[in-house]
Amino acid sequence: MSWIVILSSVGVLVPALFALYFTAKKELLEKELAQHLDYIQIVADDFASDLNVLTSNLEKLNLLINRQLIDANQEDIARFDQRMALSADGAWRNNKAHYDGRIQAGLFLPPDYNLDADARRFYGRMFNIFEAFGIAASSKQSFDNLWFLGHQRSELIYDLIYPDFIYRMKPETDYTGSDWMTLASPERNPQRETKWTSPLFDSVSGTWIVSAVHPLDIKGEWVGTLGQDVHTSMLFRLISSANDKFAGEQHILRDSQGGFLLAGPWQEQLEAETKPFAIDKNESELLLMLSKPSTDSATFMGEVSVQGKSYQAIAVVLQPMQWSYVHLIPTEEILKPLVNTLYYIVLFFVIIVISISALINAAVRRMISRPVERLVERTRLFSIGLKPQPIADWGSYEFTELARALDAMNEDLDRETNRLAFMATHDELTGLPNRSLLDDRLEQVITYSRRRKVKAAVLFLDLDQFKTINDSLGHSVGDKLLQQVAERIAFQMRESDTVARFGGDEFVVLVSDFQCIQDVSNIAEKLLFVIKQPYIIDGYDLRVTSSIGISICPDDSNVAETLIQNADTAMYLSKNMGRNAFQFYTKDIHDNVVRKLQLEDALRKAVEEQQFILYYQPKVNLISKRICGMEALIRWQHPDIGIVSPLEFIPLAEETGLIIEIGEWVIGEAFGQMKQWSETFSWLNDMAINLSARQFQQAGFVSTITKMLKETGVESANIDFEITESMIMNDVKAAIHVLSELKLLGVSISIDDFGTGYSSLSYLKHLPADSLKIDRSFVRDLVNDPDDQAITKSIIALADNLNLSVIAEGIETSEQEEMLTAMGCEYAQGYYYSRPVPAAEMQQLLLRQQNAADEA
């Protein structure tokens with residue numbers, strides 16, 4: 001109780017303390033940050049002012065050179081000859097005997113330089129211009145040097161820091177490919193204005209510098225680059241003061257491409273690394289702040305955490321290089337005076353709180369503690385199941401009401417306990433037994449059946465159209481429908497039977513001790529009948545059917561879980577039979593399930609071990625009767641059971657999702673084979689590859705095809721993807737989009753099994769397809785069936801009107817070939833020409849055709 005009183009007192013005083021602290025903190029931060037904003041703005045302005053001098057210098061120098069070069073004469077040639085000498089390494093440099101780099105410009109010309117009269121006249125005049133301009137410019141504090149780079153690796157430089165610069169340059173020194181040169185080129189600088197480089201390392205001087213560069217154009221021709229360097233150390237001194245007001249201030253500086261020049265607390269790491277520096281990804285607050293754009297005006301960016309420490313951040317863009325500068329001031333250093341003051345205030349408050357708490361505690365214990373202890377004892381009796389006599393008066397109105405509320409709560413708790421006990425074994429929505437109670441009842445039924453030598457049945461029911469109703473009309477209607485279905489099922493069963501909700505729209509019925517199997521059939525038929533009767537729910541006239549699977553105990557099993565699994569399996573067979581039906585579990589059903597599971601495991605292993613092989617069926621030009629292409633067809637070579645039909649494993653691959661990996665393997669193999677054959681048989685036009693629905697709908701499918709085309713090197717014009725009508729009609733707009741992207745790659749598109757689906761002609765005209773494949777079902781009886789003839793003629797005419805080619809499948813006789821040729825069909829496939837064969841046999845067919853053509 002003492003602690004409660006103390007905490008109550010603190011609860012009053014602490015908010016006031018916090019309010020005082022945050023008000024003072026806000027005022028102190030605003031004051032200090034305002035001063036720093038002004039300081040940072042001054043630094044930025046001074047920085048821009050100092051560097052803009054260099055920009056102005058280069059523009060003036062450019063004008064001076066263009067004016068004075070006009071008057072270049074023989075005296076300039078004489079000056080060049082007097083001052084230059086050929087060095088031992090073959091390069092031209094100033095004669096050391098007469099050279100003083102502090103007052104003269106130095107010139108470096110590589111050994112292979114074309115030193116004609118024009119060049120000597122040019123550089124003879126440039127000596128005078130550079131020395132006069134350099135001496136004038138060197139009075140500025142920011143002046144380091146002045147240089148000119150020519151296209152033939154020449155450099156003229158007036159450098160106060162490195163007066164011996166030209167003697168440091170080696171014969172192979174070449175700046176022409178660096179930003180110092182290319183940044184002034186017409187391609188990178190069409191406006192012909194002064195540009196600033198990023199920080200660059202000069203291997204001659206061994207220093208990091210930033211340079212202002214300006215194109216030197218003479219009579220409209222770019223002859224080279226004028227420039228001035230500024231050492232980065234000098235720039236850092238301009239923005240980073242050694243006399244920061246607060247300890248621990250940090251500076252972050254990035255160039256216009258985002259590269260770090262100063263990295264605050266990571267400065268040593270920045271200077272030690274040879275690769276580009278990047279801030280740790282865990283510094284999310286700092287990275288987010290650095291991603292925000294800055295302006296030329298110093299701006300407060302807010303509080304940011306860096307290495308777990310709070311900083312106040314100010315940002316500004318430094319001109320003229322567009323560098324981003326962030327100044328970080330430790331928050332705790334700014335607030336140190338406030339924290340010291342706060343310490344004494346807190347100590348004063350603590351003394352007051354303790355004093356007040358001691359006075360209040362004595363009174364509270366007398367008025368509250370004893371009634372609370374009595375209430376605690378009463379609550380303990382409730383918790384062990386006892387019900388003490390009610391007490392009319394607890395000394396105060398509040399405690400009396402509290403005691404009555406405890407009594408009422410205990411009664412509510414008893415009722416809720418009973419409800420939860422029911423809910424633990426029953427479904428909340430329908431009130432039927434749930435899976436837990438179903439398992440218990442089923443164990444009882446199995447025990448009773450074994451003891452009395454009688455049979456029992458498990459009926460597994462699933463509503464056929466429930467998902468459609470639930471999705472379209474809402475869960476409220478779906479829940480009411482489930483309640484009514486549950487009532488109808490329960491009403492039809494005996495009291496000794498059990499009706500349980502298994503989950504979702506699934507129900508299980510346990511029928512114990514029946515006379516014969518026909519009785520179970522009658523129950524199933526009766527349930528199918530009552531369930532399919534109309535339902536009126538919220539004004540909707542609804543109709544649903546159900547599928548029922550039945551397992552018998554002990555015939556099918558005497559294990560509860562197995563009985564339900566068997567009934568569930570039989571129920572899925574009922575759905576496959578067309579729904580609104582029931583099916584007893586049989587050994588054949590079991591064998592089919594086992595076969596499917598075994599085949600699924602084997603298929604996964606087949607994908608891992610690549611047990612597949614591609615067969616190829618030729619595509620024949622009906623006019624020339626020559627092979628012009630082929631279709632790639634997958635076969636599964638199972639190591640134990642041999643060839644597995646695609647009709648059996650392809651649907652299973654679709655269902656399990658393995659079709660994605662299998663499909664990619666088929667495409668890669670077919671691409672590679674076509675690449676090989678197209679190099680040998682130049683007349684071979686295309687390789688047809690079937691796409692599955694899952695492949696076609698896969699995100700990134702077109703990107704995968706693009707990558708595989710590049711990896712295999714096959715010509716996209718030699719590839720023909722075959723898709724079915726049903727794949728298109730699931731989502732026509734999405735299909736057209738994917739097909740259009742494939743067409744952009746240069747591949748062809750064929751509509752397979754055309755005429756057997758339900759495609760709309762209004763969509764067909766928008767599909768970016770190249771050909772239609774007439775399904776073999778129309779070709780089989782083409783010679784004798786007028787209807788097939790009419791359909792085939794219509795498809796060919798339709799394709800002709802839409803500018804599509806036509807391929808007929810399933811050609812087995814010469815009569816079919818002749819009739820299709822007469823109808824105008826262009827291409828054909830079928831056993832009449834060849835069955836699907838492995839690659840080796842297909843290659844023999846191609847070789848025979850090529851040899852025959854060569855002999856002819």
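Note that the numbering runs from 1 along the sequence shown for the chain.
A perpendicular orientation is assigned to the rings of Trp636 and Phe649, their planes being inclined by more than 60° (bins at 30° and 60°). Note: Trp677 and Tyr616 have perpendicular aromatic rings, judged against thresholds of 30 and 60 degrees for the angle between ring planes. Taking the six-membered ring for Trp and thresholds of 30 and 60 degrees, Phe681 and Trp683 have ring planes inclined between 30 and 60 degrees apart.
Taking 4.5 Å as the limit, some side-chain heavy atom of Phe460 sits within range of a side-chain heavy atom of Ile564. By the 4.5 Å heavy-atom criterion applied to side chains, Glu664 and Ile705 are not counted as neighbours. Between Gln849 and Arg626 there is a side-chain heavy-atom pair separated by less than 4.5 Å. Thr545 is listed as a side-chain neighbour of Gln465, based on a closest heavy-atom distance under 4.5 Å. Residues Gln843 and Arg848 have side chains not in contact (no heavy-atom distance under 4.5 Å, counting atoms from C-beta outward). Contact annotation: the side chain of Ile719 never approaches that of Leu745 to less than 4.5 Å [non-hydrogen atoms, C-beta and beyond]. With a 4.5 Å cut-off on side-chain heavy atoms, Gln829 and Ile811 do not count as touching. Side-chain contact check for Thr656 versus Leu652: some heavy-atom pair is nearer than 4.5 Å.
Between the side chains of Gln617 and Tyr831, no donor-acceptor pair of N or O atoms lies under 3.5 Å. With hydrogens and angles left out, the side-chain atoms of Glu631 and Asn690 include a donor and acceptor closer than 3.5 Å. Side-chain polar atoms of Ser547 and Asp464 form a donor-acceptor pair below 3.5 angstrom. When only modelled atom types and interatomic distance are considered, Asn566 and Thr569 share no side-chain donor-acceptor pair under 3.5 Å.
Under a 3.5 Å cut-off, the side chain of Thr712 and the backbone N or O of Phe671 do not form any donor-acceptor pair. For Asn851 (side chain) and Leu847 (main-chain N/O), a donor-acceptor pair under 3.5 Å exists by modelled atom type. When atom types are taken as modelled, the side chain of Ser834 and the backbone of Gly830 share no donor-acceptor pair closer than 3.5 angstrom. Of the possible polar contacts, none joining the Ser750 side chain to the Asp752 backbone as a donor-acceptor pair under 3.5 Å is found. Formation of a donor-acceptor pair under 3.5 Å by the His638 side chain with backbone atoms of Ile641 is found in this model. Of the possible donor and acceptor atoms, one in the side chain of Gln816 sits under 3.5 Å from a partner among the backbone N and O of Glu812. Of the possible polar contacts, one joining the Arg694 side chain to the Glu654 backbone as a donor-acceptor pair under 3.5 Å is found. A donor-acceptor pair under 3.5 Å links the side-chain atoms of Gln789 to the main chain of Val783, judged by distance alone. Between the side chain of Ser574 and the backbone N or O of Gln583, at least one donor-acceptor pair lies under 3.5 Å. Panel note: side chain Asp775, backbone Phe778; no donor-acceptor pair is recorded below 3.5 Å.
Between Glu608 and Arg604, no side-chain nitrogen of the basic residue sits less than 4.0 Å from a carboxylate oxygen of the acidic one, so the salt-bridge criterion is not met. Salt-bridge annotation for Asp785 and Arg780: absent, with no side-chain N of the basic residue lying under 4.0 Å from a carboxylate O of the acidic one.
Between atom CG of residue Asp720 and atom CE of residue Met630 there is a gap of 12.0 Å, rounded to the nearest 0.5 Å. The CD atom of Gln484 sits 8.5 Å away from the CG atom of Leu542 when rounded to the nearest 0.5 Å. Between atom CE of residue Met819 and atom OG1 of residue Thr813 there is a gap of 9.0 Å, rounded to the nearest 0.5 Å. To the nearest 0.5 Å, the span separating CD1 on Ile689 from CG on Leu614 amounts to 8.5 Å. Atom CG of Asn282 sits about 8.0 Å away from atom OG of Ser284, to the nearest 0.5 Å. In this structure, CG on Leu622 lies 6.0 Å from CD on Glu817, to the nearest 0.5 angstrom.
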Could you walk me through whether Leu820 and Val806 pass the side chain to side chain contact (heavy atoms under 4.5 Å, CB included) check? CA-CA 10 Å; Leu820 285 165; Val806 179; over 6 Å; no
If you apply the rule salt bridge (Lys or Arg N to Asp or Glu O under 4.0 Å), what do you find for Glu679 with Lys675, and how did you get there? CA-CA 7 Å; Glu679 292 174 350; Lys675 169 66 174 175; 3.1 Å; yes
Apply salt bridge (Lys or Arg N to Asp or Glu O under 4.0 Å) to residues Arg435 and Asp427 and explain how you reach the verdict. CA-CA 9 Å; Arg435 294 180 66 167; Asp427 175 54; over 6 Å; no
Might you work through the side-chain hydrogen bond (donor to acceptor under 3.5 Å, both in side chains) test for Ser436 and Asn434, ending with a clear yes or no? CA-CA 5 Å; Ser436 174; Asn434 60 14; 4.5 Å; no
Give the intermediate values and the outcome of side chain to side chain contact (heavy atoms under 4.5 Å, CB included) for residues Ser740 and Leu744. CA-CA 6 Å; Ser740 298; Leu744 290 175; 5.8 Å; no
Mind running salt bridge (Lys or Arg N to Asp or Glu O under 4.0 Å) on Asp505 and Lys467 for me, showing each step along the way? CA-CA 8 Å; Asp505 58 343; Lys467 187 176 185 305; over 6 Å; no
side-chain hydrogen bond (donor to acceptor under 3.5 Å, both in side chains) evaluation trace for Glu715 with Ser678: CA-CA 9 Å; Glu715 292 292 335; Ser678 63; over 6 Å; no
In sequence, state the C-alpha distance, the side-chain angles, and the governing distance for Val732 and Ile736, and then conclude on side chain to side chain contact (heavy atoms under 4.5 Å, CB included). CA-CA 6 Å; Val732 176; Ile736 291 175; 3.8 Å; yes
Before you tell me yes or no, could you show the steps for Ile279 and Leu290 under side chain to side chain contact (heavy atoms under 4.5 Å, CB included), namely the whole-Å CA-CA distance, both residues' side-chain angles and the distance that decides it to 0.1 Å? CA-CA 10 Å; Ile279 290 177; Leu290 292 177; 3.7 Å; yes
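Scanning all heavy atoms of the two residues, the minimum distance from Leu739 to Phe696 falls at CD2-CE1, 3.7 Å. Across every non-hydrogen atom of Gly668 and Met708, the tightest pair is N-CE, 3.1 Å. Heavy-atom minimum distance, Gly504 versus Leu482: O-CD1, 3.8 Å. Contact record, Ile660 with Gln698: CG2-NE2, 3.5 Å, taken as the closest heavy-atom pair. For the pair Val747 and Lys743, the tightest heavy-atom approach, listed with the atom from each and the gap, is O-CD, 3.7 Å. Smallest separation of non-hydrogen atoms from Met823 and Leu782: CE-CD1, 4.1 Å.
At most 12 heavy atoms of other shown residues, nucleotides or ligands fall within 6.0 angstrom of atom OH in Tyr572. In this structure, Glu428 places its CD atom where only 12 or fewer heavy-atom neighbours from other residues, nucleotides or ligands lie under 6.0 Å away. Residue-environment remark: NZ (Lys793) stays at or below the threshold of 12 foreign heavy atoms within 6.0 Å.
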